[in-house]
Amino acid sequence: MAVSTVYTVQSLNSTCSISTPTKSHLGIQKQQVLFYTKKTNRGRVRGGEIRCAGDTIVIGLAADSGCGKSTFMRRLTSVFGGAAEPPKGGNPDSNTLISDTTTVICLDDYHSLDRTGRKVEGVTALDPRANNFDLMYEQVKALKDGIAVDKPIYNHVSGLLDPPELIKPPKILVIEGLHPMYDERVRDLLDFSIYLDISNDVKFAWKIQRDMAERGHSLESIKASIEARKPDFDAYIDPQKQYADAVIEVLPTQLIPDDNEGKVLRVKLIMKEGVKYFSPVYLFDEGSTISWIPCGRKLTCSYPGIKFAYGPDTYYGQEVSVLEMDGQFDKLDELIYVESHLSNISTKFYGEITQQMLKHADFPGSNNGTGLFQTIVGLKIRDLFEQITASKASATLEATKA
Ligand SMILES: Nc1ncnc2c1ncn2[C@@H]1O[C@H](COP(=O)(O)OP(=O)(O)OP(=O)(O)O)[C@@H](O)[C@H]1O
Ligand SMILES: O=C(CO)[C@H](O)[C@H](O)COP(=O)(O)O
C-alpha cells in the first residue's frame, strides 16, 4: 500500500519548505528551523525540519520630525505586548527599538551625509541627496527575506555616522522616518504604510512645547528651523502621503472659532479602500455618511464638546473611508461608549481600545483623536500581521500536500 503523507507544521508563520530526504529547500537563503509533525497512514511522527524565510512583514511610518512617530511606535509596540528597548549592549545612541515581535528602525540611519557634510553641501536631511536609498532598499529587502544586516547608525547627539549595528529579521519590521515611501523600490517592500500628517499650525505648537520646554530653544530659532525645512518638506516628505494606506491628519479644531491655541484638535483617520488584509474601521453603518455628537448621558464633554464624523471620500484620486474626531475626552474610561459604536476595529475583546488608551493615558494625545486613531491603526497592524501569517501557513500546507 502507498504511504500518504500530510505535514502539519506546528509553529508556522512563514512560507516554509520542508527538509527531508525527499523534499529539498525551495530557494531559501537564511533559515529559521521549526519542527513538523508527519502524519502517515502508519501513524504520527514528530521530526524533521521546516525551514522558513521571508517571515518579516514591513510597515512604513512617515512623518516630519517632531510629529509623533515615537509616540505612535510606543502605542504600536504595546499592542503586541512587551516593551521596546534599544539593542542590548550596543551603541547608547542607537535609534533602534526592539521588542519580542517588533523591530523599529529609524531611517535617519540612512543619512549619507552627516551634520557637517550637509552644512558643507548646503542640503537638509530631508533632501534625498543626503540619504542613501540604495542601501536602505538592500537592507530592508534583506531583512524581509530573513537575512540579518549591519545597519549604519546616525548619531543625533554628535551628528556623526557611527559604526553599524547588527539587525536581525524580526516578525514585524517598522521603518520610520522621513522617507519610507519616497523610493519606489522601498515602497514596494511595504506590507502597510502610514503617514502622520500634522498641519503646520499644530506642528508649530508641538515644536514650541517640546523644543522650548524640553530643549531650551528660543521661539525665533524654532520658527527659523521650521521655515528652513519647509521647501524640502513640501518637495520630498509631504507627497508620500498619496502612497499611504492610512493617513492620520491632525488639524486645528473647528469647534472653537478662530482657535490658535492648538490644544483642541480635529483628527482624521483616512483609510484606503481595497488594501489587502486591511478593512477600514467604520462608525454605525459602513459606507454611510454620519455626523455624531456623542456627548450626553454616557459621555461627559466639557467645552467645546466632541464631534465625530464618518463617510466615504476620495484622496489623491483613490477611494477612502474617513473617520474624524474633533474635541477631547474628559474621562478616558468613557471612551468605551465610543468604542462600542465603532466596527471593524480588530480588537480581541470588548473594550480593548479603551484599555490600551487608559494604559498609556500619560502619552501625548491620549485624550483626543491622535491617541485614539494611533491605537486603532496599531490594532489593524496586528490584524494584518495575523492574516498574512495565517495565509502563508495555509499556502505552505497546500504546497506540502501537493
Ligand atoms: N498627539 C500629540 N498631542 C500633543 N502633542 C504631541 C502629540 N504627539 C507628539 N506630540 C508632541 O510632539 C513631541 C514629539 O513627539 P514624538 O517624540 O513622538 O515625535 P517624533 O516624530 O518621534 O519626533 P523626532 O523625530 O523629532 O524624534 C512630543 O514631545 C510632544 O510634545
Ligand atoms: O529631520 C530629522 C529626522 O529626525 C533630523 O533633523 C535629521 O535626522 C537630522 O538630525 P540632526 O538634526 O540631529 O542632525
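Order of appearance sets the numbers: ligands from 1, and atoms from 1 within every ligand.
Rounding to the nearest 0.5 Å places CG of Leu379 at 7.0 Å from OG1 of Thr347.
The ring pair (Phe, Tyr, Trp, His ring centres under 6.0 Å) with Phe284 is formed by just one residue from the set Trp292, Phe308, Tyr310; it is Trp292. With respect to Lys151, the side-chain contact (heavy atoms from CB on, under 4.5 Å) criterion is satisfied by exactly one of Leu135, Ile105, Asn95: Ile105.
A donor atom on one side chain and an acceptor atom on the other are not found under 3.5 Å apart for His156 and Asp93. When only modelled atom types and interatomic distance are considered, Thr253 and Asp259 share no side-chain donor-acceptor pair under 3.5 Å. Side-chain atoms of Ser321 and Glu273 form a donor-acceptor pair, as typed in the model, at a separation below 3.5 Å. Judged by distance alone, the side chains of Thr71 and Gln374 never bring a donor and an acceptor atom under 3.5 Å apart. Under 3.5 Å, the side chains of Glu249 and Ser199 contain no donor-acceptor pair of N or O atoms. Side chains of Arg75 and Ser366: a donor-acceptor N/O pair is present below 3.5 angstrom, by distance only.
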So what's ligand 2 close to, N/O to N/O, under 3.5 Å?
unit_1: ligand 2; atom_1: 1 (O); unit_2: Arg229; atom_2: NH1; d: 3.1
unit_1: ligand 2; atom_1: 1 (O); unit_2: Arg229; atom_2: NH2; d: 2.7
unit_1: ligand 2; atom_1: 4 (O); unit_2: Asp108; atom_2: OD2; d: 2.8
unit_1: ligand 2; atom_1: 6 (O); unit_2: Arg229; atom_2: NH1; d: 3.1
unit_1: ligand 2; atom_1: 8 (O); unit_2: Asp108; atom_2: OD2; d: 3.3
unit_1: ligand 2; atom_1: 8 (O); unit_2: His111; atom_2: NE2; d: 2.7
unit_1: ligand 2; atom_1: 10 (O); unit_2: His156; atom_2: ND1; d: 3.2
unit_1: ligand 2; atom_1: 13 (O); unit_2: Arg115; atom_2: NH2; d: 3.0
unit_1: ligand 2; atom_1: 13 (O); unit_2: His156; atom_2: ND1; d: 2.7
unit_1: ligand 2; atom_1: 14 (O); unit_2: Arg115; atom_2: NE; d: 2.8
unit_1: ligand 2; atom_1: 14 (O); unit_2: Arg115; atom_2: NH2; d: 3.4
unit_1: ligand 2; atom_1: 14 (O); unit_2: Arg118; atom_2: NH2; d: 2.9
unit_1: ligand 2; atom_1: 14 (O); unit_2: Tyr154; atom_2: OH; d: 2.6

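When heavy-atom distances to ligand 1 are checked against a 4.0 Å cut-off, Thr71 comes that close through both its backbone and its side chain.
Near Cys67, with a cut-off below 4.0 Å to any heavy atom, the atoms of ligand 1 are 19 (O), 20 (P), 21 (O). Contact atoms of ligand 1 toward Gly365: 1 (N), 2 (C), 3 (N) (distance under 4.0 Å to a heavy atom of the residue).
The side-chain tip of Lys203 points at the ring of Phe233 from less than 6.0 angstrom away and within 45° of straight on.
Thr370 OG1, 2.8 Å is the protein heavy atom nearest to atom 1 (N) of ligand 1. Nearest protein heavy-atom neighbour of atom 22 (O) of ligand 1: Ser70 OG, 2.4 Å. Atom 19 (O) of ligand 1 has its closest protein heavy atom at Gly68 N, 2.9 Å. Considering only non-hydrogen protein atoms, atom 31 (O) of ligand 1 sits nearest to Gln209 NE2, 3.3 Å. Among protein heavy atoms, atom 4 (C) of ligand 1 sits closest to Trp206 NE1, 3.3 Å. Scanning all protein heavy atoms for the shortest distance to atom 25 (O) of ligand 1 gives Lys69 NZ, 3.1 Å. Scanning the protein for heavy atoms near atom 14 (C) of ligand 1, the closest one is Arg210 NH1, 3.6 Å.
Checked by distance only, ligand 1 and Asn368 stay at 3.5 Å or farther apart across all their nitrogen or oxygen atoms. In terms of N/O distances under 3.5 Å, ligand 1 is approached by Gly66. The shortest N or O to N or O distance between Gln374 and ligand 1 is not under 3.5 Å.
Nearest heavy-atom pair, Asp64 versus Ile237, reported as atom, atom and distance to 0.1 Å: N-CG2, 4.4 Å.
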### Message
ring pair (Phe, Tyr, Trp, His ring centres under 6.0 Å), that's the test. Do Tyr110 and His179 meet it? Break it down for me.
### Response
CA-CA 10 Å; Tyr110 293 99; His179 305 98; over 10 Å; no
